[in-house]
There are 2 protein chains.
Amino acid sequence: MLNQVADLDRVFQALTDPGRRSMIERLSQGPASVSELARPLSMSLAAVVQHVQVLEASGLVRSQKTGRTRTCAINPAALRTAESWISERRTLVERRLDRLGEYLAETAGVPDAWPAGQPPRRSSSDPEENR
Amino acid sequence: MLNQVADLDRVFQALTDPGRRSMIERLSQGPASVSELARPLSMSLAAVVQHVQVLEASGLVRSQKTGRTRTCAINPAALRTAESWISERRTLVERRLDRLGEYLAETAGVPDAWPAGQPPRRSSSDPEENR
DNA sequence: GTAATAGTGAAGCATCCGCTTGACTATTCG
DNA sequence: CGAATAGTCAAGCGGATGCTTCACTATTAC
């Protein structure tokens, strides 16, 4: 349970790649061999093996070799780790925004907008206000 | 709403970096300037600006410049995007595993373990069974 | 036994990432 | 005014990432 930062690192890192996400999607339907995972993915089998290794290192996937085929399966606990991290921050933000919303009720013509403090006295030249 | 793949890419990509996650954590308490975000993060201000740019490109953060300071705030919608993706896959997996569990009830001595199909007849030399 | 299948390991390569430094601009403080 | 603050821009650098190919092993099918 220690070292959650590095864990989150590896999980989000693993989820970054679209190919790996598509493997996760495939695996959420049920276990699959490496070749099955490779099939829809225009890249070499070796590349897919490497992706599987990343997924395993992150804990998102477990695998087991039987005969000559390696069967991969999802470990939902790892998904939960990432999901909780996001969820906790999101609820925090939303609660804060809700409180702010009911406190301000309505103030300016902007209904749902910027939660800043001061009335922004702007400078004359304003090369890029929002991004 | 199109191009969700690229969106997810950018969001997970943004969440990969521990520095950026710590900025998200700070921002979930409320808006902050770039310098405030930089304070606890032993790295140059320029580096932090670059991280903020990544966060903005992902949609996780919005910012607005007033005077000489840029104020950053979280956009919870982007958090929801990532959270839903994970959540959907996780529930899928868990439901499948539940069905499987009640179907098998108990079969072998392993209570909560491998959801494979065949009784794995193993080969004699088995250099690395699981990873 | 021979051949096809499934995967592994290692090297190499182009590109991307995170960061630094240095020069510069715009704003605010005294 | 001049100095400090807050941020921006651009170049550059070392290390990680995402592939590829080639050689090789173990298993299964004929």
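Order of the sequence lines fixes the chain letters, A, B, ..., with proteins taken first and strands second; residue numbering starts at 1 for each chain.
- Residue pairs satisfying the salt bridge (charged side-chain N to carboxylate O under 4.0 Å, His left out) criterion with at least one member in residues 30-49 of chain A, sequence neighbours excluded, are listed as follows: A/R26-A/E36.
- Taking only side-chain nitrogens and oxygens, A/H51 comes nearer than 4.0 Å to OP1 or OP2 of D/dC19.
- DNA chain D lies under 4.0 Å from at least one heavy atom of each of the following residues of residues 36-45 of chain A: A/M43, A/S44.
- Taking side-chain N and O atoms only, B/Q13 has a distance below 4.0 Å to OP1 or OP2 of C/dC17.
- Within residues 17-26 of chain A, the residues having any heavy atom under 4.0 Å from DNA chain D are, by residue number, A/D17, A/R20.
- Here C/dT27 presents its C1' atom at 9 Å from NZ of B/K65, a figure rounded to the nearest Å.
- Residues that satisfy the side chain to side chain donor-acceptor pair (under 3.5 Å) test with A/D9, not counting sequence neighbours, are B/R21.
- Across the interface with DNA chain D, nearest-nucleotide mapping of A/V54 and A/T69 shows A/V54 to be the residue nearer the 5′ end.
- Distance CZ (B/R70) to P (C/dA26): 14 Å, rounded to an integer number of Å.
- For the residue pair B/E56 and B/S63, a side-chain donor N or O sits within less than 3.5 Å of a side-chain acceptor on the partner.
- Here A/R80 pairs with B/E94 under the salt bridge (charged side-chain N to carboxylate O under 4.0 Å, His left out) rule; sequence neighbours left out.
- Among residues at least two apart or in separate chains, there is no salt bridge (charged side-chain N to carboxylate O under 4.0 Å, His left out) pair with a member in residues 42-55 of chain B.
- Between the base of C/dT20 and the side chain of B/Q50 there is a donor-acceptor pair shorter than 3.5 Å.
- Phosphate proximity of D/dA4 to B/R68: absent, as no side-chain N or O sits under 4.0 Å from OP1 or OP2.
- Every residue two or more places apart in sequence or in another chain was checked for a salt bridge (charged side-chain N to carboxylate O under 4.0 Å, His left out) with A/D17, and none qualifies.
- Note: CG (B/L55) to C1' (C/dC17) measures 14 Å, nearest angstrom.
- For the pair A/D7 and A/W85, the minimum side-chain heavy-atom distance is 4.5 Å or more.
- Judged as a salt bridge (charged side-chain N to carboxylate O under 4.0 Å, His left out), not a single pair has a partner in residues 44-55 of chain A (not counting sequence neighbours).
- A straight line from CD of A/Q53 to P of D/dA16 spans 17 Å, rounded to a whole angstrom.
- For the salt bridge (charged side-chain N to carboxylate O under 4.0 Å, His left out) test, residues two or more places apart in sequence or in another chain that qualify with A/E25 are B/R89.
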